[in-house]
Colleague: 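I have a structure here, written as structure tokens, and I will follow up with some questions on it.
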Amino acid sequence: MTKRLLVASIALAMSGTAYAQAPAPDNLEKLSSFQSTGTTEFTVIEQGGDYAEGIKKTLERIKLPDGFKIGLYAIVPDARHIAVGPQGVVTFVGTRKDKVWAVTDRNKDRVADEVKDFAPSLRFAIPNGPCFSSDGFLYIAEQNRVLVFPAAEFFYESPDVAAFNVVKQGDLIPPAEESYNHTARVCKIGPDGKLYISLGQPFNVAPEDKLDLYREVGIGGIIRINTDGTGREVYTYGVRNSVGHDFHPVTGELWWTDNQVDGMGDDIPPGEINRQTAAGQHFGHPWYGGGDVRTNEYAGQEVPYDVVMPAVETVAHAADLGMSFYTGKMFPAKYKNAIFSAQHGSWNRTTPVGARVMVTFIDDEGNATTEPFAEGWIDENEEYLGRPVDVAQLRDGSIIVSDDLAGALYRIWYEGN
């Protein structure tokens, strides 16, 4: 369905006329036809109490550059990737479970007043990746489906919302390739108006007998499609498991993080932040484990593609995930068009690293350097107090950071020296 047709169908629904769509699983068929499902209850998350106070205590230890502050924005269980509504009404937060959360700051004091589940009449499956178009269409990339919610900031107050297939269940990847591993999708609308979706491959190192299939469908890559689901193509090849991408505000180039091969030791291979300058470029997996480090499984083999090396190599096993270019006016000028990204933290390392927010500065030639921006979620006992996942920008120019361990969103703002 085209965006124009969706807008028209919304208008028809508001005037009492329903627009039907082909049958779909769970309640999607009813919602696509603007019919009630009978669902009445939300899951509402308590925002105060001892749990919130404990998180605030943790935030006292977070180190930031001079002039920056951090505070608790919302309690959001299993908080993963973030989509801030373009109207500034509501922020949607995905999870790796079966919930998408709607986070509302009703009095605009920059602390959420309400957190409740979005579209509770639907059954989501790993709805990790919400993203917005600039004109208010919310897309949610699940494990093996992509849905669109026109006027999400209008309908979210109701358990029933206007919802449509973009990619129907079972068509994002072949069902036989569904996995519990590397299945958290992310999405963004590109400068070309197309929807870009990452498809992590499920193995530590992709085996040879899967490579042809994966190349064809875009597993271990980033695909792009029209927002009505047509025109699918593989935009990026040679990706192990990217869980964060965004487009440079000036050049329009796609930048993305990648999690690299485990089991090669504490200090190799490096993580990656990649810069893509053209469709169809290849970034090395499975021949490279990260940077120019060859994988054991493909060592000595000739690499059959021209490989683009990362723009930035990050510390091994820090798990670089969500990222966002900064376009706000609140922060000092040096942060304009810089990347803020989340390091989730390591599991495959003797001493843990990561669990912090990084900032990447890019010069006029595209050269990039990365440094810590907010850190302190690993304590003196080498215990995780939080694990950042994604970074997004609010309309006032502050940023919010999701944490799926603490189950929270944090807000970082600038007050000056």
Side-chain angles (χ1 to χ4, degrees), residues 1-3 5-6 9 18-39 78 80-81 83 92-101 117-133 137-150 152 155-156 159-189 194-202 210 213-214 216-234 241 243:
M1 181 183 296
T2 66
K3 188 172 287 186
L5 191 54
L6 283 169
S9 64
Y19 181 89
Q21 179 163 304
D26 58 48
N27 285 315
L28 183 59
E29 183 179 3
K30 285 187 174 182
L31 296 181
S32 298
S33 300
F34 301 99
Q35 298 174 350
S36 175
T37 67
T39 303
D78 311 302
R80 293 283 294 185
H81 280 69
F92 294 92
V93 183
T95 71
R96 287 197 300 180
K97 295 184 179 177
D98 60 0
K99 294 285 189 187
V100 175
W101 299 105
D117 52 342
F118 172 64
S121 61
L122 281 176
R123 293 195 305 271
F124 291 108
I126 315 179
N128 181 85
C131 62
F132 263 107
S133 65
F137 285 66
L138 175 67
Y139 299 85
I140 296 179
E142 298 181 70
Q143 180 187 38
N144 204 358
R145 177 174 69 170
V146 182
L147 298 179
V148 62
F149 300 85
F155 282 110
Y156 85 100
D160 291 333
V161 301
F164 303 86
N165 274 315
V166 176
V167 179
K168 69 181 181 66
Q169 179 65 40
D171 281 0
L172 188 59
I173 63 172
E177 300 303 318
E178 290 180 6
S179 172
Y180 56 84
N181 196 36
H182 298 168
T183 194
R185 318 296 183 205
V186 295
C187 68
K188 283 282 175 70
I189 302 290
K194 295 177 182 287
L195 189 61
Y196 289 71
I197 303 168
S198 61
L199 300 178
Q201 60 78 40
K210 295 285 188 179
L213 172 64
Y214 286 4
E216 178 184 353
V217 301
I219 295 175
I222 299 171
I223 64 167
R224 67 176 175 182
I225 56 175
N226 297 321
T227 52
D228 63 359
T230 63
R232 175 173 176 154
E233 62 182 311
V234 182
N241 182 40
V243 198

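Since we're looking at a predicted model, the values are computed, not measured.
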Colleague: What's the spacing between Thr183 OG1 and Asn144 CG if we round to 0.5 Å?
Modeller: 8.0 Å
Colleague: Show the numbers, then the answer: is there a side chain to side chain contact (heavy atoms under 4.5 Å, CB included) between Leu31 and Ser121?
Modeller: CA-CA 9 Å; Leu31 296 181; Ser121 61; 3.7 Å; yes
Colleague: Might you point out which heavy atoms bring Pro130 and Gly94 nearest each other, and give the distance in Å?
Modeller: CG-N, 3.8 Å
Colleague: Mind checking ring-ring contact (aromatic ring centres under 6.0 Å, His included) for Phe149 and listing every partner two or more places apart, or none if nothing turns up?
Modeller: Phe118
Colleague: Atom NE2 in His182, atom CD1 in Ile219: separation rounded to 0.5 Å?
Modeller: 13.0 Å
Colleague: How many angstroms lie between CG in Asn27 and CZ in Arg123, if you round to the nearest 0.5 Å?
Modeller: 7.0 Å
Colleague: With a 4.5 Å limit on heavy-atom distance, are the side chains of Arg145 and Leu28 in contact?
Modeller: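 Yes, side chains in contact.
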Colleague: Provide the closest heavy-atom pair for Glu142 versus Ala125 in the form atom of the first, atom of the second, distance.
Modeller: OE1-N, 2.6 Å
Colleague: Taking the side chain as C-beta and beyond, is there a heavy-atom pair between Val243 and Asn128 under 4.5 Å?
Modeller: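 They are in contact (side-chain heavy atoms under 4.5 Å apart), so the answer is yes.
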Colleague: Once you round to the nearest 0.5 Å, how far does CZ of Phe92 lie from CD1 of Ile140?
Modeller: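 Atom-to-atom, Phe92:CZ and Ile140:CD1 are 7.5 Å apart.
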Colleague: Over all heavy atoms of both residues, which pair between Val217 and Pro174 is shortest? Give the atoms and the distance, please.
Modeller: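 In this case the closest contact between Val217 and Pro174 is CG2-CD, 4.2 Å.
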Colleague: Hey, is the main chain of Thr37 close enough, under 3.5 Å, to the side chain of Asp160 for a donor-acceptor pair?
Modeller: yes
Colleague: Under 6.0 Å from the CZ atom of Arg96, do we count more than 12 heavy atoms belonging to anything else shown?
Modeller: no
Colleague: Let me confirm one number: the CD-CG distance from Gln143 to Leu172, rounded to the nearest 0.5 Å.
Modeller: 9.5 Å
Colleague: Suppose we screen for salt bridge (Lys or Arg N to Asp or Glu O under 4.0 Å). Which residues come up paired with Arg185, at least two apart in sequence or across chains?
Modeller: none
Colleague: Around atom NZ of Lys194, are there more than 12 heavy atoms from other residues, nucleotides or ligands closer than 6.0 Å?
Modeller: yes
Colleague: Check Ser32 against Phe164 and note the closest heavy-atom contact, atom names and distance.
Modeller: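 Shortest heavy-atom contact: O-CE2, 3.4 Å.
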Colleague: Using a 4.5 Å cut-off on heavy atoms from C-beta on, say whether the side chain of Ser133 contacts that of Thr227.
Modeller: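 They are not in contact (no side-chain heavy atoms under 4.5 Å apart), so the answer is no.
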Colleague: Quick one: are Leu195 and Ile189 in side-chain contact, heavy atoms under 4.5 Å?
Modeller: yes
Colleague: Report the residues that fulfil salt bridge (Lys or Arg N to Asp or Glu O under 4.0 Å) with Arg224, sequence neighbours left out, ordered by chain and then residue number.
Modeller: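 Once residues adjacent in sequence are excluded, the partners of Arg224 under the salt bridge (Lys or Arg N to Asp or Glu O under 4.0 Å) criterion are Asp192, Glu233.
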Colleague: Please identify each residue that fulfils side chain to side chain contact (heavy atoms under 4.5 Å, CB included) with Asn181, with sequence neighbours left out.
Modeller: Ser179
Colleague: If only atom types and distance count, is the side chain of Asn226 paired as donor or acceptor with the main-chain N or O of Asp228 below 3.5 Å?
Modeller: no
Colleague: So, for Leu199 and Gly218, which heavy atoms are closest and what is the spacing to 0.1 Å?
Modeller: CB-O, 3.5 Å
Colleague: Is the shortest heavy-atom distance from the side chain of Leu147 to the side chain of Pro127 under 4.5 Å?
Modeller: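 No, their side chains stay 4.5 Å or more apart.
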Colleague: Using the test salt bridge (Lys or Arg N to Asp or Glu O under 4.0 Å), find all partners of Asp171 that sit at least two apart in sequence or belong to another chain.
Modeller: Lys168
Colleague: Run the ring-ring contact (aromatic ring centres under 6.0 Å, His included) test against Phe124 and tell me which residues pass, sequence neighbours left out.
Modeller: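 Phe124: no ring-ring contact (aromatic ring centres under 6.0 Å, His included) contacts found.
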Colleague: To check you understand the geometry: which heavy-atom pair defines the closest contact between Ser198 and Ala184, and what is its length?
Modeller: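 Reported closest heavy-atom pair: OG-O, 4.4 Å.
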Colleague: How long is the gap from OH on Tyr139 to CD1 on Ile225, to the nearest 0.5 Å?
Modeller: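 Tyr139 atom OH to Ile225 atom CD1 measures 9.0 Å (nearest 0.5 Å).
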